[in-house]
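Below: the structure, in structure tokens.
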Number of protein chains: 2
Amino acid sequence: MLSRLTTVQSETAINTTEAEVPKGTRGSQSLADRLFLTLRREIVEGHMAAGSKISEPELARRFDASRGSLREALMRLESLGLLERRVNVGARVVDLTERGLLELYDVREALEGMACRLAAQNRTEEDVVELRQMLARHEQQEELQAGTAYYQPEGDFDFHFRIVQASNNDLLIDTLCNRLYYRVRMYRYQLGMASPRAHRAFREHSHIIDAIESGDGELAEILMRRHIRASRSNIENKLSKQN
Amino acid sequence: MLSRLTTVQSETAINTTEAEVPKGTRGSQSLADRLFLTLRREIVEGHMAAGSKISEPELARRFDASRGSLREALMRLESLGLLERRVNVGARVVDLTERGLLELYDVREALEGMACRLAAQNRTEEDVVELRQMLARHEQQEELQAGTAYYQPEGDFDFHFRIVQASNNDLLIDTLCNRLYYRVRMYRYQLGMASPRAHRAFREHSHIIDAIESGDGELAEILMRRHIRASRSNIENKLSKQN
DNA sequence: CTGCTCAACATTGTCGACAATTTTTAGGTT
DNA sequence: AACCTAAAAATTGTCGACAATGTTGAGCAG
């Protein structure tokens with residue numbers, strides 16, 4: 001409804017090397033779509049350096065596409081907040097700043113808090129089961145890597161992602177999953193912040209699921225907000241020591 | 001699909017903004033920019049009916065622009081959530097639904113609540129002064145129209161807008177002011193919901209300013225959330241009676 | 001050497017034409 | 001008449017070329 005690029009993730013190559021898309025199946029995506037997905041990945045993972053300028057002719061040659069199609073992809077990246085464009089000047093990959101990261105946390109606290117409240121109010125059996133399974137997998141991974149103090153950021157990510165889905169609010173889902181989360185991932189990849197909060201985060205996740213299961217929206221929201229704020233404080237400390 | 005149809009066809013020219021833009025002096029904007037602004041206005045104010053299909057060739061002719069520039073404007077509108085596009089099919093103006101409206105309120109409650117908290121924490125003398133002046137103007141307007149039970153929606157809008165600006169969080173500001181608020185206005189224009197909550201809203205606004213002035217972020221957030229939720233309940237009642 | 005002017009270059013914005021796909025229409029069969 | 005088929009029309013996606021704007025660098029005056 002709100003966005004069409006929610007779930008499908010075409011990987012790597014631009015050309016549809018993937019086993020012959022049978023004509024007009026619903027998976028049909030335009031060249032600009034594929035360029036968009038590829039470039040988004042490159043920016044998020046840092047293969048295109050943050051703050052670097054983008055040359056339309058060069059990129060177009062590199063992907064063997066016309067400038068028009070490329071420009072369409074660039075505009076979508078701009079609306080995602082991953083690029084900044086100025087008229088008659090060009091596009092740059094967005095800069096990663098300490099302030100931007102902290103701002104991101106505040107917005108997430110507000111939105112994910114609300115998402116968690118709604119998830120508790122509209123919860124289904126399936127939601128709760130999946131969240132518990134997910135938590136179990138994370139515990140397993142954590143045990144395997146016990147002592148390393150290294151926490152799979154993707155695990156934490158999946159957890160938050162799943163809760164947002166359960167909120168059943170399309171606008172909220174779109175705003176978080178199709179907009180903010182790519183910026184979150186960009187910071188995680190490039191500032192490489194593996195959280196040392198592994199055990200603590202795990203317990204917090206567990207309590208959040210409890211609140212959702214019991215349908216206590218108010219508590220679920222409070223716990224989620226506290227969870228995110230703790231993560232923010234953690235990062236803030238790290239950053240202040242770094243300087 | 002909520003309907004309250006509007007069928008005006010404005011034929012304003014794009015290029016004749018205001019008297020001779022002297023080269024690249026004032027806010028140089030591209031043709032696509034101007035198309036974007038014009039179309040956004042037409043959609044928000046309902047001159048392009050919600051849910052109606054958009055013909056690229058027709059619009060391009062109407063504004064005497066090429067399809068390329070028009071398409072750029074359409075894509076920006078899509079990322080604003082005012083249009084929906086499907087590959088090889090085309091674009092439609094987004095539908096106004098009861099569900100969409102309520103979703104909007106929940107997201108606003110979360111974001112504006114946070115904005116209000118931050119505004120209280122980062123408040124400046126100027127912020128407080130301007131908010132009080134604004135409130136005074138609204139009171140005056142309200143007295144003039146006393147008894148009519150008609151409340152200037154723009155007044156309420158300005159108030160919320162100003163508080164968001166005071167949050168000093170660019171991501172939050174962008175998300176609310178450049179994204180969500182256009183959808184809010186679209187619903188206001190087209191469902192024509194003049195709030196009968198004039199006096200009550202006024203008092204609530206006043207208390208919110210008090211909390212901001214005293215730097216009590218927690219209270220400011222609570223009051224703003226309650227304010228928005230009350231507005232939501234009000235609408236929800238209206239809608240349920242209508243059906 | 002510093003700072004300015006202006007011309008040559010590179011990049012972005014805009015356009016019209018062609019290709020790919022969808023939608024509509026016409027026609028025939030049961 | 002209803003229904004499937006296929007051609008025709010219309011619409012969207014993609015491209016290369018040209019115009020408008022910004023950037024760079026050489027030459028010159030102070």
Side-chain angles (χ1 to χ4, degrees), chain A residues 4-5 8 10 13-16 18 20-39 48 51-79 82-94, chain B residues 13-17 20-39 48 51-79 82-94:
Chain A
R4 56 205 160 95
L5 40 94
V8 189
S10 163
I14 296 295
N15 301 333
T16 60
E18 311 282 323
E20 297 300 321
V21 181
K23 288 243 177 182
T25 52
R26 273 304 103 186
S28 64
Q29 49 183 6
S30 68
L31 170 58
D33 280 326
R34 297 193 292 274
L35 283 168
F36 167 71
L37 293 174
T38 302
L39 287 175
M48 302 188 98
S52 62
K53 186 168 187 331
I54 282 185
S55 164
E56 289 182 6
E58 181 195 325
L59 267 190
R61 279 196 305 273
R62 182 172 146 208
F63 290 116
D64 200 38
S66 78
R67 258 186 63 225
S69 299
L70 179 79
R71 275 168 66 87
E72 179 171 338
L74 292 185
M75 284 184 302
R76 291 213 219 144
L77 290 168
E78 181 191 16
S79 75
L82 296 178
L83 285 186
E84 289 173 354
R85 284 180 58 201
R86 286 187 357 197
V87 281
N88 284 318
V89 171
R92 312 186 77 90
V93 180
V94 77
Chain B
I14 293 294
N15 42 19
T16 65
T17 36
E20 299 302 323
V21 180
K23 294 247 176 181
T25 36
R26 192 181 83 70
S28 58
Q29 48 183 8
S30 67
L31 170 59
D33 280 326
R34 296 192 294 273
L35 284 169
F36 167 71
L37 293 175
T38 302
L39 288 175
M48 304 187 95
S52 63
K53 185 166 186 335
I54 282 183
S55 163
E56 290 182 6
E58 181 195 324
L59 267 191
R61 278 195 307 272
R62 181 171 146 211
F63 291 116
D64 198 37
S66 78
R67 257 186 64 226
S69 298
L70 180 79
R71 276 167 65 86
E72 178 170 338
L74 293 185
M75 284 184 298
R76 308 249 294 270
L77 290 169
E78 180 191 17
S79 75
L82 265 47
L83 285 186
E84 289 173 356
R85 285 179 58 206
R86 283 185 0 194
V87 282
N88 283 320
V89 172
R92 311 189 78 90
V93 181
V94 77

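Just so we're clear, the structure is a prediction, and the values are computed from it rather than from any experiment. Within every chain, numbering begins at 1; the chains are lettered A, B, ... in the order of the sequence lines, protein sequences first and strands thereafter. Side chains are part of it too, since the values below use all heavy atoms of this structure and drop only hydrogens, waters and symmetry mates.
- If you measure from atom CZ of Arg67(B) to atom P of dA10(D), you get 15 Å, rounded to the nearest angstrom.
- To the nearest 0.5 Å, atom CZ of residue Arg61(A) and atom OG of residue Ser55(A) are 6.5 Å apart.
- The nearest heavy atom of DNA chain D to Val87(A) and to Ala32(A) marks one nucleotide each, and the one closer to the 5' end goes with Ala32(A).
- OP1 or OP2 of dG13(C) has not a single side-chain nitrogen or oxygen of Ser69(B) nearer than 4.0 Å.
- Side chain Arg86(A) to base dG22(D): no donor-acceptor pair is found below 3.5 Å.
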(request) Could you check Leu74(B) against Leu39(B) for side chain to side chain contact (heavy atoms under 4.5 Å, CB included), going step by step and ending with a plain yes or no? (result) CA-CA 8 Å; Leu74(B) 293 185; Leu39(B) 288 175; 4.1 Å; yes

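- Taking for each of Asp64(A) and Val89(A) the nucleotide of DNA chain D with the nearest heavy atom, the 5'-most of the two is the partner of Asp64(A).
- The side chain of Arg85(A) places an N or O atom within less than 4.0 Å of a non-bridging phosphate oxygen (OP1 or OP2) of dG13(C).
- For the pair Lys53(B) NZ and dT24(C) P, the interatomic distance rounds to 10 Å; values are reported in whole Å.
- Closest to the Arg71(B) side chain, of the nucleotides dC15(C), dT11(C), dT14(D), is dT14(D).
- Rounded to a whole Å, the CG atom of Leu35(B) is 9 Å from the P atom of dT14(C).
- If you measure from atom CD of Glu56(B) to atom P of dT22(C), you get 15 Å, rounded to the nearest angstrom.
- Glu58(B) places its CD atom 9 Å from the P atom of dT11(D), with the value rounded to the nearest Å.
- Minimum heavy-atom separation, Gly90(B) to Lys53(B): CA-NZ, 4.2 Å.
- Considering only side-chain N and O atoms, Ser66(A) lies under 4.0 angstrom from the phosphate OP1 or OP2 of dC15(D).
- Counting non-hydrogen atoms under 4.0 angstrom, Leu70(B) reaches nothing in the nucleic acid.
- Rounded to an integer number of Å, the gap from Arg61(A) CZ to dG16(D) P is 13 Å.
- Separating the CD atom of Glu72(B) from the C1' atom of dT12(C) is a distance of 11 Å, rounded to the nearest angstrom.
- Interatomic distance, CG of Leu70(A) versus CG of Asp64(A), reported as 12.0 Å (0.5 Å rounding).
- Contacts of Gly90(B) with the nucleic acid, taken as non-hydrogen atoms under 4.0 Å apart, involve only primed sugar atoms and P, OP1 or OP2.
- The pair Arg71(B)-Glu72(A) meets the salt-bridge criterion, with a side-chain N (NZ, NE, NH1 or NH2) lying under 4.0 Å from an Asp/Glu carboxylate O.
- Note: CG (Leu31(B)) to C1' (dT14(C)) measures 8 Å, nearest angstrom.
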